[in-house]
Every structure is written in structure tokens, then in C-alpha cells.
Amino acid sequence: MDPRRFTQIDATTWRIEPTGAMRVPAVIYADEDLIRGMDDKVGVQACNVATLPGIVTASYAMPDAHWGYGFPIGGVAAFDPDGGGIVSAGGVGFDISCGVRTMLTDLAVADIEPVQSRLADALFREIPAGVGSRGAITLDTVEMDRMLTGGARWAVENGWGESRDLERIEEGGAVPGARPDCVSERAKGRQRHEMGTLGSGNHYLEVQAVAEIVDRDAARAFGLAQDQVVVTIHCGSRGLGHQIGTEYLAGMPVAAAAAGIALPDRELACAPINSDIGQRYLGAMRAASNCALANREILGHYARRILRDFFPEVAVDLLFDVSHNTCKAETHTVDGEPREVYVHRKGATRAFGPGHPSLPDALRAAGQPVLIGGSMGTGSYILAGLASSEEKAFGSACHGAGRALSRHAALRQWSGRGIVDELAARGILVCSPSARGVAEEAPGAYKDVGAVVLAAERAGLARRVARLRPLICIKG
DNA sequence: ATGTGC
């Protein structure tokens with residue numbers, strides 16, 4: 001995008017004042033290079049979101065923003081239910097409650113090196129990955145509904161996880177207000193065999209090493225040390241969330257028209273929060289969130305089990321599990337008053353600062369861990385939420401590197417085999433059922449994650465704590 | 001993202 005279409009507020013804040021149907025400004029947090037690298041559609045979409053009924057304060061885009069279905073990926077917008085506010089399936093995304101968890105081990109890089117190849121083989125063999133992958137768990141109708149209301153708590157009760165994990169998961173492992181009755185039989189049917197599976201696209205399970213400590217005090221509070229081995233899982237609600245997104249997306253244009261909402265783009269289809277379909281979507285979306293929380297808990301359990309085959313005494317403690325595709329009712333300061341608003345975060349991570357009451361005691365002083373997935377070769381970051389993020393973007397930050405090239409362009413430029421060989425030469429073992437998927441996810445197809453997190457830090461969204469480098473990547 | 005799509 002041409003930076004000149006914005007008013008530059010400071011080095012990392014760019015603003016478009018309301019014009020036409022916009023009810024609030026659009027604000028993008030990024031440095032000038034990142035702005036230049038963004039598609040024009042990011043600005044257009046952020047402005048489109050600013051026209052939606054009940055939006056408060058501003059429509060925001062994070063430093064990793066790129067264009068998505070209706071709302072930008074990397075978009076944050078909050079709506080007031082008492083001011084005609086809306087909920088939008090396109091504002092959450094197809095992969096409902098897609099997110100990241102990082103688990104800390106007491107192993108060092110030197111412990112992994114002798115077993116790296118065998119460990120990669122074991123993880124690849126035992127963790128189902130790829131399009132349509134099936135797991136070892138099958139749910140009947142009763143267990144399906146229990147999973148959809150119980151989330152990670154349900155997983156723990158069934159032996160796939162540990163109860164001490166729960167306080168390290170957003171919402172304590174189970175999102176309240178889930179309504180399995182608002183989830184279609186088709187969506188449930190697609191999920192029957194998919195619990196404990198990774199899926200495809202940019203989803204992965206990685207064994208990583210702490211490559212750099214940026215903030216010593218926060219790293220200590222999080223339990224991170226140089227050369228420590230951690231396991232990070234990125235995945236979501238699989239077929240169930242996708243089916244729910246598809247079905248409600250189809251129903252929302254009618255609901256928007258019935259509510260007299262004029263849309264600048266059909267893809268922004270939405271419904272009033274205080275409407276039947278709005279409430280049904282929220283109930284189904286929360287059920288899908290619980291599916292994603294349960295899925296990540298099960299995958300974490302598998303990772304623990306496999307690590308213990310190699311290191312019987314290994315400790316594997318959950319640092320945090322956080323989603324980056326959600327709509328949540330939260331209390332934020334709006335026009336100087338605390339108000340409950342529905343915050344859509346689509347490709348944006350919740351980033352609550354120090355002292356936030358929702359954080360567990362052990363993390364309250366340091367702030368929420370903000371888990372940023374990079375690309376296969378470049379590594380990832382752990383950030384900490386900042387109090388300033390509350391007034392900048394309703395307590396949100398970026399979620400990843402963001403694509404620089406389309407999947408199609410990546411396929412033209414790289415082969416899966418070539419990427420696997422290139423990364424192996426750098427000590428990174430990649431295992432995937434799909435060579436095409438690996439080519440699509442080539443490190444060069446992504447922006448520089450370091451530039452993205454630096455911009456997030458400069459903008460006051462979150463601060464860098466540690467950088468991680470991959471050792472083993474199981475790719476969907 | 002997705003029992004991937006013309």
C-alpha cells in the first residue's frame with residue numbers, strides 16, 4: 001500500500017479518518033516497510049469493517065495483516081451489543097479458534113541432537129497430519145456434545161491431558177456459552193474421527209529451541225532459558241469449525257438484509273448480536289472453540305507421550321494456549337467507560353497485559369504469553385502482553401509472519417523436496433504427507449517474522465521475550 | 001483454513 005493514503009501518527013501507527021459510511025477510523029499498526037508490502041485490499045477491508053453497525057473506537061489491523069474473506073486477516077474490531085452491534089462469521093474466519101500452544105520441557109538442544117531423526121519419525125508416525133487425516137478417537141453423539149461444551153476440560157477428564165494444563169489455557173480450557181444444538185449434524189459428522197489431528201495448510205507441530213532471550217525478567221517468569229527445548233502446536237477446529245463457518249456465512253447475508261444493514265462488501269455478512277442467528281452463531285462458534293481447545297490438548301498429550309518414550313523423566317509443562325480466530329465478549333474501556341463489547345480477532349492474538357484478572361497467578365506479573373508462529377525455516381517468537389495494548393487494540397497483537405506470496409506463487413517458485421533438503425542442511429527436519437503443502441509453506445513465501453514482532457513491540461501491542469528456532473517440524 | 005477447485 002502507498003503510505004500516503006494514511007495519516008501517520010508515529011513510526012508504527014497509520015490512520016484513516018472516517019469518510020463516507022465509515023463510523024470510526026481505521027488504524028493500522030506497522031512500520032513503513034510493512035505498510036508498503038501490504039496489499040491495497042488491507043486498507044480497503046479495514047475501512048469496510050469501520051462501516052459496520054455498533055463498531056466502537058476504531059477498526060484495527062495488526063503488523064502481519066493481509067487480505068482475507070471480508071475482514072482482513074490480522075484484523076481486530078469490537079462491537080457494542082446495545083448499540084446495534086453485529087457479529088460476523090467472516091470476522092472470525094473459517095478456522096474457528098485456530099491457535100497456538102507452547103509447552104516447555106526441561107531438555108536442552110544437546111539432548112535432542114542424538115535422537116532428532118528418530119524423534120521426528122515417531123512424531124510423524126503418531127500424530128495424524130494432512131487434509132482429511134483421521135485420529136484414533138471416534139466420538140458418538142453424546143461424547144460429541146460433551147466435547148463441544150467441555151473443551152480441554154473434557155479432554156483432560158478422558159485422560160488426554162493433565163488438569164494442571166487448564167489454568168494455562170484461555171478461558172480455563174472451556175469457553176462458556178457453547179451451544180451444541182446450534183451445530184449442524186453435518187459439522188459434527190465431519191469431526192467424528194478428527195480429534196487429535198493436525199490438519200493442513202500452515203498448521204504444524206514443532207520441536208523448537210530457545211534461540212535468543214530478549215527480555216530476561218519476562219523469560220524467567222515464563223520459565224524460558226537459552227537452548228531450552230519447547231514444543232509448539234498450531235491448529236484449530238478442523239472440519240467442524242470450517243463447516244460451521246461455511247453454513248453461518250451462507251445465512252448471514254439474509255440476516256443482514258433483514259436487519260436493514262447496508263454492506264459495502266457481501267463478504268462482510270453479519271447479524272446483530274441481539275438476533276436469533278447472531279446468538280446461534282455465537283453458540284456454535286463457542287462450541288467450535290471448545291473443539292479447538294480439546295484438539296490442542298489431545299495433540300499436546302500425544303507429544304508428551306512420544307517425548308516420554310525417548311526421555312522417560314522429561315517434564316512437559318504448558319506455558320500457554322491462545323487462539324487467534326475468535327469473537328469474545330470482553331470488558332474494555334470505550335469512551336472512558338468500561339463496557340462489554342464483542343471483540344473479533346481474526347488472525348490476531350489476545351495480548352492482555354500485566355495484572356489482568358483473567359491471567360493465572362504465575363503469569364499475572366509478567367502479562368499474557370503471546371505466541372507468534374513464524375514460518376518453517378525462520379522460527380517463532382514468544383511475546384508478553386502489554387497494558388498499552390488495551391487502549392491500542394482491545395488487548396490484541398499480531399499472530400504470525402503473514403504471507404508475502406500466494407500459495408500459487410509459492411508453488412511456482414519452490415518444490416517440496418527442495419525445501420525439505422534445504423532445511424535439513426540447516427538442521428531442521430520437516431516431515432509432511434504433502435510435498436505440495438511444504439512448497440506452499442516455503443519460508444520465502446512469508447514475511448520476516450522478526451520485522452513483524454518488532455513493529456508490534458514499537459506499536460505497544462506486546463513486547464518480545466524470546467525467539468525460537470525449529471528443530472523438527474511436523475507439517476500438515 | 002477446508003472430506004482443498006474450473
Side-chain angles (χ1 to χ4, degrees), chain A residues 45 64-75 88-101 128-135 137-139 144 183-205 233-250 267 269 281 284-285 287-296 299 322-327 344-349 373 375-376 399-403 405-412 416 432-441 445-446 474-476:
Chain A
Q45 290 190 323
D64 54 337
H66 48 117
W67 74 272
Y69 187 92
F71 287 56
I73 296 164
S88 170
V92 172
F94 280 96
D95 192 4
I96 295 167
S97 203
C98 181
V100 181
R101 70 157 45 194
V131 176
S133 49
R134 286 179 159 217
I137 301 166
T138 298
L139 302 185
M144 178 66 68
V183 178
S184 70
E185 290 308 315
R186 191 169 178 191
K188 291 175 183 173
R190 284 181 67 169
Q191 197 59 33
R192 271 197 82 199
H193 305 286
E194 291 197 344
M195 297 309 294
T197 67
L198 208 46
S200 65
N202 65 2
H203 290 169
Y204 59 79
L205 181 149
I233 296 168
H234 175 212
C235 70
S237 52
R238 304 289 286 108
L240 180 124
H242 187 266
Q243 188 65 31
I244 290 170
T246 302
E247 290 170 11
Y248 282 90
L249 224 35
E267 292 187 357
Y281 174 70
M285 186 213 62
S289 294
N290 285 328
C291 175
L293 294 180
N295 198 30
R296 289 197 288 274
L299 288 165
V322 64
S323 168
H324 48 236
N325 278 359
T326 56
C327 174
H344 292 63
R345 295 189 182 91
K346 179 187 188 180
T349 308
S375 67
M376 285 181 294
H399 83 306
R403 289 199 84 89
L405 292 177
S406 70
R407 293 185 179 278
H408 195 78
L411 283 176
R412 278 199 303 268
S432 173
S434 167
R436 175 182 168 163
V438 171
E440 288 178 347
E441 296 294 322
Y446 282 84
I474 309 301
K475 195 83 185 163

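So that the names make sense, note that chain A is the first sequence line, chain B the second, and so on, each numbered from 1. These figures come from a predicted structure and were not determined experimentally.
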Trainee: Can you measure A:Leu249 atom CG to B:dT2 atom C1' for me and round it to whole angstrom units?
Mentor: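 In whole Å, B:dT2 C1' and A:Leu249 CG are 13 Å from each other.
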Trainee: Could you tell me whether A:Ser200 contacts a base, only the sugar-phosphate backbone, or nothing, with contacts defined as non-hydrogen atoms closer than 4.0 Å?
Mentor: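 Since a base atom lies under 4.0 Å of A:Ser200, the category is base.
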Trainee: Which residue lies toward the 5' end of DNA chain B, A:Ser434 or A:Gly201, if each is placed at its nearest nucleotide?
Mentor: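 Its nearest nucleotide being more 5', the pick is A:Gly201.
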Trainee: Whole-Å distance between B:dT2 P and A:Glu440 CD?
Mentor: 12 Å
Trainee: What residues form a ring-ring contact (aromatic ring centres under 6.0 Å, His included) with A:His399, not counting sequence neighbours?
Mentor: A:His324
Trainee: For the pair made of CD in A:Glu441 and P in B:dT2, what is the distance, rounded to whole Å?
Mentor: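 Rounding to the nearest Å, CD of A:Glu441 and P of B:dT2 are 11 Å apart.
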Trainee: Once you round it to whole Å, what is the distance between P of B:dT2 and CZ of A:Phe94?
Mentor: 12 Å
Trainee: Output the rounded distance in Å from CG (A:Asn325) to P (B:dT2).
Mentor: 11 Å
Trainee: Between A:Arg407 (CZ) and B:dT2 (P), how many Å, whole number?
Mentor: 10 Å
Trainee: Specify whether A:His344 and A:Phe71 have parallel, tilted or perpendicular ring planes, treating 30° as the upper limit for parallel and 60° as the lower limit for perpendicular.
Mentor: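 Geometry flag for A:Phe71 against A:His344: parallel rings.
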Trainee: Whole angstroms only, please: what is the NE2-C1' distance between A:His203 and B:dT2?
Mentor: 10 Å
Trainee: What contact category does A:Gly236 fall into here, base, sugar-phosphate, or nothing, at under 4.0 angstrom with non-hydrogen atoms?
Mentor: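 A:Gly236: no heavy atom of the nucleic acid under 4.0 Å.
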Trainee: Within the structure shown, what part of the strands sits under 4.0 Å from A:Arg186 by heavy-atom distance: base, sugar-phosphate, or nothing?
Mentor: base
Trainee: Report the residues that fulfil ring-ring contact (aromatic ring centres under 6.0 Å, His included) with A:His66, sequence neighbours left out, ordered by chain and then residue number.
Mentor: none
Trainee: Give the C-alpha distance, both sets of side-chain angles, the deciding distance and a yes or no for side chain to side chain contact (heavy atoms under 4.5 Å, CB included) between A:Cys327 and A:Lys346.
Mentor: CA-CA 8 Å; A:Cys327 174; A:Lys346 179 187 188 180; over 6 Å; no
Trainee: Measure the distance from CD1 on A:Ile73 to P on B:dT2 and round it to the nearest whole Å.
Mentor: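 Taking atom P of B:dT2 as the reference, CD1 of A:Ile73 is at 13 Å.
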